[in-house]
> 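To start, I am sharing the structure in question, which I have written as structure tokens.
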Amino acid sequence: MNNIECIINEATEKIKNADIVVLENLKVEYLGRNGILTQILKSLSQYSIEDKKRIGLEANKAKSIIENEIDKKKESLKKALLDEKVQKEKLDYSSSFYFPFSKGSFHPVIQTIQDISSVFKSLGFSVAEGPEIETDWYNFEALNIPESHPARDTQDTFYLDNVKNLLRTHTSSGQIRVMEKQKPPIKVIVPGRVYRNEASDASHSSTFHQIEGLVVDENVTFVDLKAVLSNFIHKFFGFELGVRFRPSHFQFTEPSAEVDMQCPFCKGNGCRVCKNSGWIETLGCGMVHPNVLKAVSYDPGKYTAYAFGIGVERITMFKHGIDDIRLFYENDLRFLKQF
Ligand code: PHE
């Protein structure tokens with residue numbers, strides 16, 4: 001009996017530290033046809049009936065205990081092996097071991113759109129999108145720019161198959177689409193790509209990006225417009241910079257203004273970037289023209305609105321000191337990798 005207990009203890013200890021090969025050997029050593037416990041059971045005939053019963057019972061119990069221990073250990077070894085395998089196969093996508101090329105990043109224009117959007121989101125704006133291929137109605141007509149109006153000449157439009165389809169020249173078309181779908185109050189920005197049929201140079205490109213803003217509600221005033229746009233410029237470029245509103249003209253806003261901010265490079269003292277004026281033209285804006293509200297069946301007696309348009313490339317160029325707009329579209333990795 002003591003002997004059998006010793007066998008169990010000894011086996012359990014060995015099993016604890018065994019690997020899969022040792023485990024197989026232990027199985028043979030204790031439970032095999034010539035194993036220790038089998039030997040004991042075979043030798044029972046020499047004992048009295050009572051001892052036979054007792055020793056037989058203990059030996060069989062020991063057999064099943066050891067068998068159980070071996071099985072348990074086998075399971076835990078298998079699991080450990082599997083875990084190790086899973087761990088090894090788990091890919092670390094950021095590791096240069098698996099990917100010999102470095103991680104990508106957002107294009108600087110996209111980064112600016114994201115940054116500007118998050119400032120406006122923090123001011124309660126939502127974000128919408130519109131199509132790049134537009135009809136004459138959304139791009140011009142509904143924005144108070146009737147056919148044959150001279151204002152169309154300034155837009156250098158790319159017309160498509162017929163004069164009714166075109167590549168949008170500004171994101172202002174997004175204003176109309178939002179107002180058509182929603183009822184006031186509206187507080188939205190519409191970022192997107194726009195197209196102009198013009199020769200490219202360091203400051204012009206036939207495609208660029210704008211972010212349109214639109215707020216419609218009862219009692220919206222020019223004061224609200226000034227507050228939100230000044231706040232945007234301060235949050236985006238710095239609170240110390242001065243902001244000024246200059247009278248301007250857009251067909252779809254009345255009154256219209258252009259917003260300048262003090263040059264962030266020279267803080268208004270005059271430098272190369274601001275061409276010594278101390279100010280940088282930042283965006284166009286104004287109170288939405290009553291004709292535009294009528295075009296989407298809003299009552300201009302009830303609702304007022306303001307709108308603004310921000311040139312994304314322009315802002316990105318000022319932010320990073322980039323002096324040629326064409327760099328954004330050449331996909332030169334030496335340029336892109338800096339962002
Ligand atoms: N759509 C104008 C442009 O492309 C910008 C603008 C938007 C001006 C909204 C006023 C209001 O120049």
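Both ligands and their constituent atoms are indexed starting at 1 by order of listing. Heads up: numbering here begins at 1 and tracks the sequence.
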> Take a 6.0 Å sphere around CZ of F106 and say whether it holds more than 12 heavy atoms from other residues, nucleotides or ligands.
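No, not enclosed.
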> Decide whether a cation-pi geometry holds between R177 and Y138; the criteria are a distance under 6.0 Å from NZ or CZ to the six-membered ring centre and an angle within 45° of the ring axis.
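Yes, R177 and Y138 form such a contact.
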> Surrounding CD of E10 (heavy atoms of other residues, nucleotides or ligands, distance under 6.0 Å), is the total greater than 12?
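Atom CD in E10 is crowded, with more than 12 foreign heavy atoms closer than 6.0 Å.
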> Name the orientation class of the two ring planes belonging to F232 and F120 (parallel below 30°, tilted from 30 to 60°, perpendicular beyond 60°).
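It falls in the parallel class, under 30°.
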> For K226, look at atom NZ and say whether over 12 heavy atoms of other residues, nucleotides or ligands are found less than 6.0 Å away.
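Count not over threshold, so no.
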> Determine all donor-acceptor pairs shorter than 3.5 Å in which one atom belongs to a side chain in residues 291-301; sequence neighbours excluded.
from: N291; atom 1: ND2; to: N144; atom 2: OD1; distance (Å): 3.0
from: Y298; atom 1: OH; to: M179; atom 2: O; distance (Å): 3.0
from: Y298; atom 1: OH; to: Q182; atom 2: O; distance (Å): 2.6
from: D299; atom 1: OD1; to: G301; atom 2: N; distance (Å): 2.7

> Between the protein and ligand 1, which nitrogen or oxygen pairs come in under 3.5 Å, and how far apart is each?
from: ligand 1; atom 1: 1 (N); to: H170; atom 2: ND1; distance (Å): 3.1
from: ligand 1; atom 1: 1 (N); to: S172; atom 2: OG; distance (Å): 2.9
from: ligand 1; atom 1: 4 (O); to: R196; atom 2: NH2; distance (Å): 3.1
from: ligand 1; atom 1: 4 (O); to: Q210; atom 2: NE2; distance (Å): 2.9

